[in-house]
Every structure is written in C-alpha cells, then in structure tokens.
Amino acid sequence: MPTLTVGLTGGIGSGKSEVAHRLAARGAVVIDADLIAREVVAPGTDGLAAVLAAFGPVVAAADGSLDRQRLARVVFSDATQRSRLNAIVHPLVRAETARRVAAAPADAVVVNDVPLLVETGLAPSYHLVVVVEAPEAVRLARLTGSRGLSAADAGRRMASQAGSAARAAAADVVIDNDGPRRALHASVDRLWTSRLLPYAENIRAGRLARPERAVLVPADPSWAAAYRRVAARLRTVAGVKALRVDHVGSTAVPGLAAKDVLDVALTVATIADADDLRGALRRAGFPNRPDITADRPKPVDPEPAHWTKRFHGSADPGRPVNLHLRPAGSAGARYALLFRDWLRAVPAERSAYETVKRGLAAGAPPMEVYTDAKEPWFDAALSRAQDWAAATGWRLPEAPDPAQR
C-alpha cells in the first residue's frame, strides 16, 4: 500500500486534469477515475451490459460500444437517471481504483483524480483532499471553447456537480486556477515539495508535524471546518471504537487566540481500544507519541489512573493536530470538555486565559516549556470551572452529530 493518498477534485472545467498531469510529472502515481469509468463500460465488459440493460439500445453506438454523448444527454438532464447510472458505474470504479492503489509502490504518493469525490462522500478516505477551483465564467468559457460544448450543455453539467461551497468544505488545499498555466504549475510544485513529500515521509517515519515553538495567532474561523475534516477521517479510521470525536482546546473556543494546532479528543471505551487503534491511526496520518501516556492529574482528582490517555498527532505539515485518545468516563475526558464549554460561555475567563497565554508565549518559547507553564493556571482555574458547572447544571454534552460538529 502507498504511504500517502490524495483525493484530487474540482468542478468541470476547473483545470483539475492539468493539476493531475503536473503532479504526475513530479512523481505522483495518478489514478484517473474518469479513465477507469470508461474502461469499466468498454465493449465486452459487465459494466457495459448493465448500462445497456438499464438505459436501452438508445445509448449504444452502431458498433455495440457505448454512445457516451447520447448517454450524457440522458443523465445530465435528469437527476434520477444520473443516480441510476452512478449506481452501476461507481462500484466498478471504486473496485478498480482500490486494486490500483494496492498495487502502487509502498513509498508512492498516489493521487486519485475523482470528479465526483465530494458528491460520493469519499473525502474522509484520503490523507488529503485537493480541490481545483476557477470562477464559473472561466469554467464555462473553457467548456464551450476547448471542449466544444454548447452553453446549455455546459451549464447542465456544471449544475449536476457539487457547488463550490461543498467542495471548499471538503478541501484541505484549494488551488486557484484562473490565471496563466505557469502560475498553476508553481502552485502545484509548492504543494508537492512543501506538503505532499514531507507528509509522506512523516507517515513512513511515524513522525508528528508539530511546531517546535509556541506562537499565538488570532482566532481563525477556518479552524472549525478543519476540525470537521479531521474528525471525519478519524471516524472513518476508528469505526465503532470512536464513541465520540470532539473539538477541544483553544481552537475550539471562538474568539480565543491560540497556536495554529487543533486539539481533538477521540473518546474510546477503554485504553485497550486506544492501543488497538495505534497502527490504523499511524497509517491514516496520525502517529503516536509513546512517551505521553496520561494527562497531568489535577488537584481536584489526583488519582493518576483517571487521567490515562494515548497521544497522537498529525503527520501533515500543513495541519498540525494534537489527538487525545481517552477512555469514556475518565477525568481527562470530562475535563477537556468542561474547560472548552466554560471558556465558550464566560467571556471574562476567556479573556483572562488569553492574557496568560500571551504572556507565556512572548518570545516564542519551546512548545514543551509553554505547555508546562500553563499548568498552574489550569490547576487554579479548575475550581472556578467546577463552580460554573454546578451553577449552570452543565453535564457532559451529547456526542456531536458528525454532520454538524
């Protein structure tokens, strides 16, 4: 199996194929879903027989092959017919794609060029999703120019795909392609050298991509969307062992300055379940730090056994993550959610904490120094958080809805 898999997508006419060609030139193994979709309905295949059975001889060419233009006219004007076709073709494409991914070299960066990646819900199955975007007018001009489609046909095809907002929500990287080709190539080259190659090497080495020094940045609204992408990948990897996945820490508190590192809590039934996930998480881009096996016990509950956890992080240099695996019902699991909700609800405490953070982060100290220096504040603040919980009736919140959180 390859080290790193990348999902590449974009609206029709965005220039996704040019990005795929450039990545291939840099050394990526590119798997073209459109090409596979043609192959699985080639003459003599079970796929072609299924399509002809579903849509009739009207979509057959004189030589018995598939008349793709006639089929396109049928499916791009009727969502029900399009779903019918997808139900035949998509499973065949996924099976062949999986076979090619499995056959790729172990050190390969595999790029899956998938036009309907967002529509088919495949984004969480990749280490990284790259979306190519261009303004609608530019895409329309490309389709009516170089591809020779009518404006009406081009419009129908564009409308049949996910919109730019849905693609942006799934995107770890957005490549803008509304300029000259050399600018597009430069963007792809930067992605290859600064993110894809280091990411793949970090996974192979079991190495976390974590800033060495503590640098605070203003609160970033994009943190919430980045968390949702990470959470979706974790749920895909952990399956039923993931009792809940939560955004915790400073980046989960709107308006709070923080390090650009997401803290994510993955709750499991037992610490043995956390250990069972170690290999799968590493392969998914979340290697373990074996030297961290517990949170620091707090004065209100100093029993060390209550604070056991496993600590992982992201191997992606473009998205650092602290991943905390804790057993359900543990003091550590409750504490992380209590502090998050308390700081969200009490502006004065949020401001006080930011003041402390800014003072400790002055001069960008080493990350471990900064983390240790915050502990006395947390110890002192815990009684105030507990008082707030008692006064408001706070309880551990329901597990977040994957579609919302």
Side-chain angles (χ1 to χ4, degrees), residues 4-23 28 30-37 75-76 79 82-83 86 89-90 93-94 97 109-143 147 149 153-179 183-185 187-188 190-192 195-196 199 220-233 235-236 262 285 316 318-319 402-405:
L4 188 72
T5 58
V6 178
L8 173 65
T9 195
I12 186 171
S14 63
K16 171 179 58 63
S17 295
E18 183 63 30
V19 171
H21 293 154
R22 186 66 176 182
L23 287 168
V30 175
I31 299 174
D32 186 335
D34 262 349
L35 181 59
I36 295 175
V75 301
F76 285 115
R82 190 163 60 251
S83 296
N86 290 343
V89 175
H90 286 178
V93 172
R94 283 195 291 269
T97 297
V109 173
V110 171
V111 176
N112 283 5
D113 180 348
V114 187
L116 299 181
L117 183 151
V118 174
E119 293 86 340
T120 52
L122 292 174
S125 65
Y126 298 102
H127 291 97
L128 199 76
V129 170
V130 177
V131 172
V132 186
E133 283 291 1
E136 187 172 305
V138 172
R139 294 166 55 205
L140 185 61
R142 289 171 181 165
L143 294 174
R147 299 200 191 181
L149 298 177
D153 194 9
R156 282 193 293 270
R157 296 193 183 202
M158 291 168 63
S160 72
Q161 296 183 325
S164 57
R167 287 193 295 270
D172 300 292
V173 178
V174 175
I175 295 179
D176 292 318
N177 183 27
D178 60 350
L184 176 65
H185 286 181
S187 295
V188 175
R190 284 193 298 272
L191 172 66
W192 179 258
R195 192 160 184 179
L196 299 186
Y199 193 175
D220 186 343
S222 73
W223 283 333
Y227 155 73
R228 286 192 289 270
R229 291 190 292 272
V230 169
R233 290 189 175 102
R235 293 187 189 99
T236 298
L262 300 181
D316 178 4
R319 173 34 61 209
Q404 303 297 324
R405 299 286 296 279

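Remark: the backbone N or O of Val129 is paired with a side-chain donor or acceptor of Asp172 at under 3.5 angstrom. Side-chain atoms of Arg142 come within 3.5 Å of backbone atoms of Gly13 as a donor-acceptor pair (strictly under, hydrogens ignored). In this structure, His127 contributes its side chain and Thr5 its backbone to a donor-acceptor pair below 3.5 Å. Side-chain N or O atoms of Asn177 include one that pairs as donor or acceptor with a backbone N or O of Ser14 at under 3.5 Å.
The CG atom of Leu196 sits 13.0 Å away from the CZ atom of Arg190 when rounded to the nearest 0.5 Å. For the atom pair OG1 (Thr97) and CD1 (Ile36), the distance works out to 3.5 Å, reported to the nearest 0.5 Å. Separating the CZ atom in Arg228 from the CG atom in Leu262 is a distance of 11.5 Å, to the nearest 0.5 Å.
At a threshold of 4.5 Å between non-hydrogen side-chain atoms, the residues Val114 and Tyr126 count as touching. Using a 4.5 Å cut-off on side-chain heavy atoms (C-beta onward), Asp34 and Asp113 make no contact. The shortest side-chain heavy-atom distance between Glu119 and Asn86 does not fall under the 4.5 Å cut-off. No side-chain heavy atom of Ser187 sits under 4.5 Å from any side-chain heavy atom of Asp176. Side-chain contact between Arg319 and Arg195 is present, with heavy atoms from C-beta onward closer than 4.5 Å. Residues Leu122 and Asn112 have side chains not in contact (no heavy-atom distance under 4.5 Å, counting atoms from C-beta outward). At least one side-chain heavy atom of Val109 sits under 4.5 Å from a side-chain heavy atom of Trp192. At least one side-chain heavy atom of Thr120 sits under 4.5 Å from a side-chain heavy atom of His90.
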Output side-chain donor-acceptor pairs under 3.5 Å for residues 160-168, partner residues at least two apart or in another chain, one line each.
unit_1, atom_1, unit_2, atom_2, d
Ser160, OG, Arg157, O, 2.7
Gln161, OE1, Ile12, N, 2.8
Arg167, NE, Glu133, OE2, 2.9
Arg167, NH1, Ala162, O, 2.5
Arg167, NH2, Glu133, OE1, 3.4
Arg167, NH2, Glu133, OE2, 3.4

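Counted by atom type alone, Arg233 and Thr236 present zero donor-acceptor pairs between their side chains at under 3.5 Å.
For the side-chain contact (heavy atoms from CB on, under 4.5 Å) criterion with Leu8, the lone passing option out of Ile31, Val111, Ile175 is Val111.
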